[in-house]
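Here is the structure we will look at.
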Amino acid sequence: MLSVRQQPFKTAVLVLVWGWLLFLVLAPNLLVVGASMMTRDPVSFLSLPLNLDAYRQLFDPLYLEVFLHSLFMAAMTTLVCLLIGYPFAWALSRVGKQRQLLLIFLLIVPFWTNSLVRTYALKLILATNGLLNNGLMSLGLIDEPLQLLYTEGAVIVGLVYLLLPFMILPLYSVFDDLKQEVLLASHDLGAGRLSTFIHVIVPLTLPGVLAGVMLVLLPAMGLFFVPDILGGSRHLLVGNVIKNQFLDARNWPFGAAASIVLTVAMAFLMFAHRLSKRRLGEEGP
Amino acid sequence: MKQTLLSLQGISKVFADKTVLDGLDLDIYDGEFITLLGPSGCGKTTLLRLMAGFEQADAGRILLGDNDISHAPPEHRPLNTVFQHYALFPHMTVFDNVAYGLKMEKRPKHEIRERVEDALAMVQLGDYARRKPHQLSGGQQQRVAIARAVVKRPRLLLLDEPLSALDYKLRRTMQVELKRLQRELGITFVFVTHDQEEALSMSDRVVVLKDGVVQQLGTPREIYERPANLFTARFVGETNLFPGRLKQITESAITVDVFGVHRTLRRPDFSVADGQSVHVLLRPEDIRVLEPNADHGLSGKVVERNYKGSTLDSVIHLDDGTEVLASEFFDEDDPAFDYRLGEPVKVSWVDGWEWLLPEEAGQAVPDGERTADA
Amino acid sequence: MTHRWLPRTYLTLVYILLYVPIVVLVVFSFNESRTGYAWEGLSLRWYEALFNNRAMVAAMWNSIWLALSAATVSTVIGALTALALHRYRFRGKKLLNGMLFVVMMSPEIVLAISLLALFLLVGLQLGYVSLLLAHVTFCLPFVVITVMARLSGFDDSLPEAARDLGASDFTMTRTVLIPVIMPALLAGWLLGFTLSLDDVVVSTFVSGPSYEILPLRIYSMVRVGLKPEVNALGTLLLVFSLVMLMLSQWILIRSKR
């Protein structure tokens, strides 16, 4: 091992990186864990003694309902993204290579566009006298405007719209890796389309599904501005609860506990993803 | 008389305006080891994929026995494929990979277990049943792919360049192994390769393909010693092609003039005329290199020598500039046998070993060029 | 495949759904109408209104300055991190990798409250500095993976050759590695810039009244009702993002040749 004097550059880089991560990632997260176990204090936000009241409060019927509702909306969002994204990624991986590049480019253009602005654009379409209602009425399909905005459906549509590329990209990556030869081998050994789908395609694309679920489910619980804009502050997400607790209600222990629930969910999904990749003999990150 | 198992009749296939196979006919006999040999793009893999059912022919029929299977999907054809890159299912164990085809047939559990274990024992992987493909070496993966295909007891096994991803030594071992398996199982093997040495050493019959057309069909010996045309001559083995001129044609014999040397040979199959130019084909091992003061032979000098272990390969420039490839076995009595570069020699060849080929369109008999294809 | 048109139709349909809102936004930004629902004629009045809105213009400049600095700082640190991960063996390398991955996967809101807690604990005034620290933190992993991808594609013997020819570690990094990873640095910088400009969640928590930035300004405007100026602003941001994206793709594609 070379000493610090012999490798000043390496040492400087490592100190900088570790310093940054320890101070701005590890320390803040430990603070949140600490905060979740302290007592609410109207003046200094937090005070001793340590307790688990915040976690107990999570099971308060009022909040439990919000949590379950948020989970339900996130799960619906994920499901819709998966249902749209799975065949989409499959079809995408089957078009010519040159065209694929263009199509992927088109897929990430919206991702590079301000998400607030895009959510707002949905409002133009979904509003009571917005484009969709006007269109449906002029076609004579409905007689009076439907209440589309400020509904649970609008929130889910908004979340799907923002998060769909995050489902498609990992799925596309596994479909792109799926070797044509392996599918042919399955047919060659006597499997029909359905058997091949169940026994070969699904297991081989599972890591992509889990990565997509991870990238959609968690943000779908946290993107508080979507219900704010499209849900009219009803149909809250866990993200809204956390935000309210930190910025308005000033109940830090509770907000921190709620955020730890999200972190635990993330850890669980990451673990599942790693497991699925290991089954295929690929090293997880 | 050998019985035809699979019959390909008038098969054509066009991909995006490129004709890959053009009215090809081929009968494959029951129990034989037949090799499709040709350079990349010759249509050999397409032909194999047509047999497997991965592609549909644009014209022609494929008969298995008396059944027309031209339009049957791959899962309904009683033949199996060993893929070039193995195509093992990465999420399944070796056992499950091999069992896959039997599960699709809905065989009872105990039968599957028995047959999979037998198949794995046959490829000497009995102890690896619980492993995943990524835990195996390339050669082991190859064996799993073979076991997976033969466990279904197909009438015909299709092998698509199965050894191309293996290193030289392993390839030799697997060649022997495949021959043994084929003998033991009695299954017809259709083997695709671009490696002429592999084709010659393993096959009962070889089909030489170029641009979707069969150039020659015959035993390895026929292909090597009596190539039907220039393409086969150049593609299979190394070749000296000398310009010759025919004279004194009789009912059964002709005389050919090569560099002023006159040889009388059996009359060839193609139509001949007095004074006609022909290619005279001589393999490097037909060439004899003599002392410079020998009483016959063409004089030249050694310009290259390659020690090959069992042979000494040399390139000799004749006085008129013609290049000659020679390959000589080492003589046990003369262990120091070797050439110096620039050493003057005389070149001769074994009388009667010449093989004549007619001129082909665009392939005029050269004045004496070196024609050695890899 | 018997039905080639089916996958194509499906792809087209999804793309239409993805682009309809954006097209609507752009079209309506040129609409004369105040309500923003019906077309009442071509007009640039909302662009005019946008640039006459002093708070908005100030927020725009604040955002651009923040994005520029966050992208630059995260590119420098991210590139150094990627180089260290690629070249050195050190204790805790896996942990470092894991932490970066966790930062990338973490829900933004979790990162946001943890940083807020930290800044309040150390008594940092919420404003430009807190925003910068937060933005650099969430941009960092993206820069690292972009640069790592570039580094993993190049020959390991290059740095060894440079060292062999007498370059010091530092000189070799400057003369060999940095030029090799330049395209990735530019792509990473552009990515960081866009991420910073787009961020709402983290900024909501760690910004203070002293330094208002664009996404928060937009947020406060669109929460209730419709604001036609936002259409104009959205169109400008869209064009800007497109230029940035094309630039980064162009750089990446050009470097692959």
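To find a chain, count down the sequence lines: A is the first, B the second, and so on, and within it residues start at 1.
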Discussion item. As a quick check of understanding, evaluate side-chain contact (heavy atoms from CB on, under 4.5 Å) for Ile125(A) and Val20(C), giving each step before the final call.
Written reply: CA-CA 9 Å; Ile125(A) 294 171; Val20(C) 159; 3.9 Å; yes

Worksheet entry | Atom of Val73(C), atom of Trp20(A) and distance for their closest heavy-atom approach | CG1-CH2, 4.5 Å

Discussion item. Tell me whether Tyr19(C) contacts the main-chain N or O of Leu106(A) through its side chain, where contact means a donor paired with an acceptor under 3.5 Å.
Written reply: yes

Item to complete: Heavy-atom distances under 4.5 Å only: say whether Leu237(C) touches chain A with side chain, backbone, both or neither.
Response: side chain

Item to complete: Could you look at Trp90(A) and say if it's the side chain, the backbone, both or neither that has a heavy atom under 4.5 Å from chain C?
Response: neither

Discussion item. So, using side chain to side chain contact (heavy atoms under 4.5 Å, CB included) as the criterion, who are the partners of Leu26(A) when residues are at least two apart?
Written reply: Leu22(A), Leu30(A), Met99(C)

Fill in: Met221(A), part contacting chain C, at a heavy-atom distance under 4.5 Å
neither

Discussion item. Treating Asp198(C) as the side-chain partner and Ser115(A) as the backbone partner, does any N or O pair qualify as donor plus acceptor under 3.5 Å?
Written reply: yes

Worksheet item: In terms of heavy-atom proximity below 4.5 Å to chain C, should Leu14(A) be classed as side chain, backbone, both, or neither?
Response: side chain

Fill in: Any side-chain heavy-atom pair of Thr204(C) and Leu247(A) under 4.5 Å
yes

Worksheet item: In terms of heavy-atom proximity below 4.5 Å to chain C, should Leu107(A) be classed as side chain, backbone, both, or neither?
Response: both

Worksheet, complete the sentence: When the 4.5 angstrom heavy-atom criterion is applied to Val222(C) and chain A, the contacting part is both

Response to the item:
Residues Ile109(C) and Gly222(A): closest non-hydrogen pair is CD1-O, 4.1 Å

Practice prompt. Select one option (side chain, backbone, both, neither) describing which atoms of Leu16(A) are under 4.5 Å from chain C's heavy atoms.
Written response: side chain

Response to the item:
Under 4.5 Å to a heavy atom of chain A? For Thr194(C) that would be side chain

Item to complete: Name the region of Leu17(C), side chain, backbone, both or neither, that has any atom closer than 4.5 Å to a heavy atom of chain A.
Response: backbone

Worksheet item: Is the side chain of Tyr10(C) donor-acceptor paired with the backbone N or O of Ile84(A) at a distance under 3.5 Å, no angle test?
Response: yes

Worksheet entry | Test item: Tyr15(C) side-chain N/O and Leu103(A) main-chain N/O as donor-acceptor pair under 3.5 Å | yes

Worksheet entry | Val109(A), part contacting chain C, at a heavy-atom distance under 4.5 Å | both

Response to the item:
Among residues 157-167 of chain A, those lying within the under-4.5 Å heavy-atom range of chain C are Tyr161(A), Leu164(A)

Discussion item. Less than 4.5 Å apart, side chain to side chain, heavy atoms only: is that true for Leu233(C) and Val117(A)?
Written reply: no

Item to complete: Would you mind checking which part of Phe119(C) comes under 4.5 Å of any heavy atom in chain A, side chain (CB onward), backbone (N, CA, C, O), both or neither?
Response: side chain

Worksheet entry | Winner by heavy-atom pair count (cut-off under 4.5 Å) against chain A, out of Leu238(C), Val200(C), Leu83(C) | Val200(C)

Worksheet entry | Residue part contacting chain C, namely of Val238(A), when any heavy atom lies under 4.5 Å | neither

